[in-house]
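Shown next, in structure tokens, is the structure this report addresses.
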Amino acid sequence: MKSIKIIIILALIIGALAFIKVKFLSKEGGDKKTPQGVGMPIIVNGYITKAEKFESRIFSTGTVMANEEVTLMPETSGRVITINFKEGSHVSKGQLLVKINDADLQAQYKKLQIQLELVNEKKESLKKLLEIHGVSQEEYDSMINQGNSLLADMDYTKAQISKTEIYAPFNGVIGLKRISEGGYVTPSTVIASVEQLDPIQVDFFVPEKYAPQVHKNDKLTFKIQGLPETFTGTVFAIEPKIDPATRSLEMRAICPNKSEKLFPGAFAKIELALKEIDNTIFIPTEAVIPELKAQKVYLFKSGKAIPSKVETGTRTDAKIEILSGIQPGDTVITSGVLQIKPNGDVKLKKII
């Protein structure tokens, strides 16, 4: 009886093992027969390319500058006797603005004039005597030298007198005066500033990578905080070197300011147009796959992902220019590009 029980137990164990083996083999065979995911197309989004007009632009910041600017300071010391301007008013080139007392210099100049007249009279007398050999040539030459010396002293005195008069160096607007009539000034005293506000200048910087693309006469637009208008200008000067500290190139633009709404020192937000391309192709940046020394995209053609090497150009915040490798009307795959295999099956979910 005991041996029969053992045989029955062994038979049950063998049967259970056989059942498990059959189940496992059938499942494994089924898996190999129909592996999950194989043959299923990858769901992707696409972008239909088209030729479009593109204008390359640089965004920068700058500072409004006066076209001409000068701080008026006297060349000599003295007491101010006349101020011929109103603060904040327009002045014309050559207009007398400030007069410093020059009474002593005027008196000295008159004295030299009288001395010169006496020397000239003596020179004429000596000339007549020289003709009859009444004086020596040396005496006559000495009198001529005295006259020339007096002329030089008069020129010097006139130069000193001119330093007591301060004129407007150009047409512009004069600022707040820092002196008063009757006050004593020295060469270090600031009188006022004169600014030429029409036209106005704008100084700004662009990164060095754009240096080959910027030129004189390039057009720009800019805005000033607090003013609704958009102002236009033209680049008229470019610094001939790149600043090694900031790795940027300094540029200067000029623009009309007849209304004089723009003031020197204002902060400007600048938009500079670099180039305009009539027919170019731009695609979403995420569609481009970088490779070793190359870049590629996948094109959707008849349910397949066809790789195509591309050459890229200008990049914007969301798109990149394609110079070669794509034609207008091609459908570029923009999603799932890292899971796609060359010539693999894909299915378009959405066209963007």
Side-chain angles (χ1 to χ4, degrees), residues 65-201 237 260 264:
M65 310 281 290
N67 188 47
E68 299 288 351
E69 178 181 4
V70 68
T71 299
L72 299 176
M73 301 174 73
E75 294 184 75
T76 187
S77 300
R79 181 173 55 85
V80 176
I81 58 175
T82 305
I83 296 177
N84 290 327
F85 67 88
K86 292 183 179 180
E87 299 169 282
S89 64
H90 287 80
V91 295
S92 302
K93 181 177 181 179
Q95 176 182 336
L96 179 63
L97 302 177
V98 176
K99 177 64 179 176
I100 298 173
N101 182 33
D102 63 349
D104 55 338
L105 295 173
Q106 293 288 356
Q108 184 177 349
Y109 187 77
K110 288 181 179 179
K111 179 181 178 181
L112 291 172
Q113 282 182 315
I114 294 171
Q115 290 177 350
L116 182 63
E117 289 175 1
L118 293 174
V119 168
N120 286 336
E121 290 176 1
K122 289 181 179 180
K123 186 173 66 173
E124 290 298 321
S125 299
L126 289 175
K127 184 178 180 181
K128 292 178 180 178
L129 292 173
L130 181 64
E131 291 174 352
I132 60 175
H133 304 288
V135 294
S136 66
Q137 183 68 44
E138 183 179 356
E139 289 180 283
Y140 179 72
D141 291 343
S142 175
M143 190 59 61
I144 291 177
N145 289 335
Q146 286 185 38
N148 290 337
S149 177
L150 286 171
L151 287 173
D153 289 342
M154 290 176 68
D155 288 340
Y156 175 78
T157 305
K158 285 171 66 177
Q160 295 301 110
I161 291 173
S162 68
K163 291 181 180 180
T164 66
E165 298 172 343
I166 300 173
Y167 296 89
F170 45 79
N171 296 338
V173 178
I174 195 165
L176 305 179
K177 65 184 178 71
R178 310 295 178 182
I179 60 170
S180 299
E181 287 188 6
Y184 188 84
V185 296
T186 67
S188 62
T189 304
V190 174
I191 295 173
S193 64
V194 179
E195 315 272 346
Q196 190 177 81
L197 303 182
D198 183 30
I200 205 83
Q201 296 180 4
E260 296 186 356

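Predicted, not measured: the structure shown is a model, and the values here were computed from it. All values below come from the heavy atoms of this structure, side chains included, with hydrogens, waters and symmetry mates left out.
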Can you tell me how far the [atom1] atom of [X] sits from the [atom2] atom of [Y], to the nearest 0.5 Å?
X	Y	atom1	atom2	answer
L72	L97	CG	CG	6.0 Å
L105	Y156	CG	OH	9.0 Å
I100	T189	CD1	OG1	8.5 Å
E260	E195	CD	CD	11.0 Å
L116	L112	CG	CG	8.5 Å

Inset, instruction - Could I get the full list of side-chain contact (heavy atoms from CB on, under 4.5 Å) partners for L176, not counting sequence neighbours? - result: E87, R178
Inset, instruction - Please identify each residue that fulfils side-chain contact (heavy atoms from CB on, under 4.5 Å) with V119, with sequence neighbours left out. - result: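 So V119 forms a side-chain contact (heavy atoms from CB on, under 4.5 Å) with M143, Q146, L150.
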Can you list the residues that meet the side-chain hydrogen bond (donor to acceptor under 3.5 Å, both in side chains) rule with [X], with sequence neighbours excluded?
X	value
S188	T186
Y167	E165
E68	none

Heavy-atom pair of closest approach, residues [X] and [Y]:
X	Y	value
P74	I166	CA-CD1, 3.9 Å
K177	A192	CA-CB, 4.2 Å
E69	F170	N-CZ, 3.8 Å
L130	V135	CD1-O, 3.4 Å

Inset, instruction - Mind jotting down which residue pairs meet the side-chain hydrogen bond (donor to acceptor under 3.5 Å, both in side chains) criterion with at least one end in residues 102-128? Sequence neighbours excluded, please. - result: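 Those involving residues 102-128 are K99-D102, D102-Q106.
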Legend entry - Pairs flagged by side-chain hydrogen bond (donor to acceptor under 3.5 Å, both in side chains) wherever residues 74-85 is involved - sequence neighbours left out: none
Inset, instruction - Could you name each residue pair satisfying salt bridge (charged side-chain N to carboxylate O under 4.0 Å, His left out) that touches residues 133-146, not counting sequence neighbours? - result: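 Salt bridge (charged side-chain N to carboxylate O under 4.0 Å, His left out) check on residues 133-146 returns no pairs.
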Check whether any side-chain N or O of [X] sits under 3.5 Å from a backbone N or O of [Y] as a donor-acceptor pair, and report yes or no.
X	Y	answer
E181	I83	yes
Q196	N171	yes
T157	D153	yes

Inset, instruction - Would you check if S180 and V80 make a side-chain contact, meaning some heavy-atom pair closer than 4.5 Å? - result: no
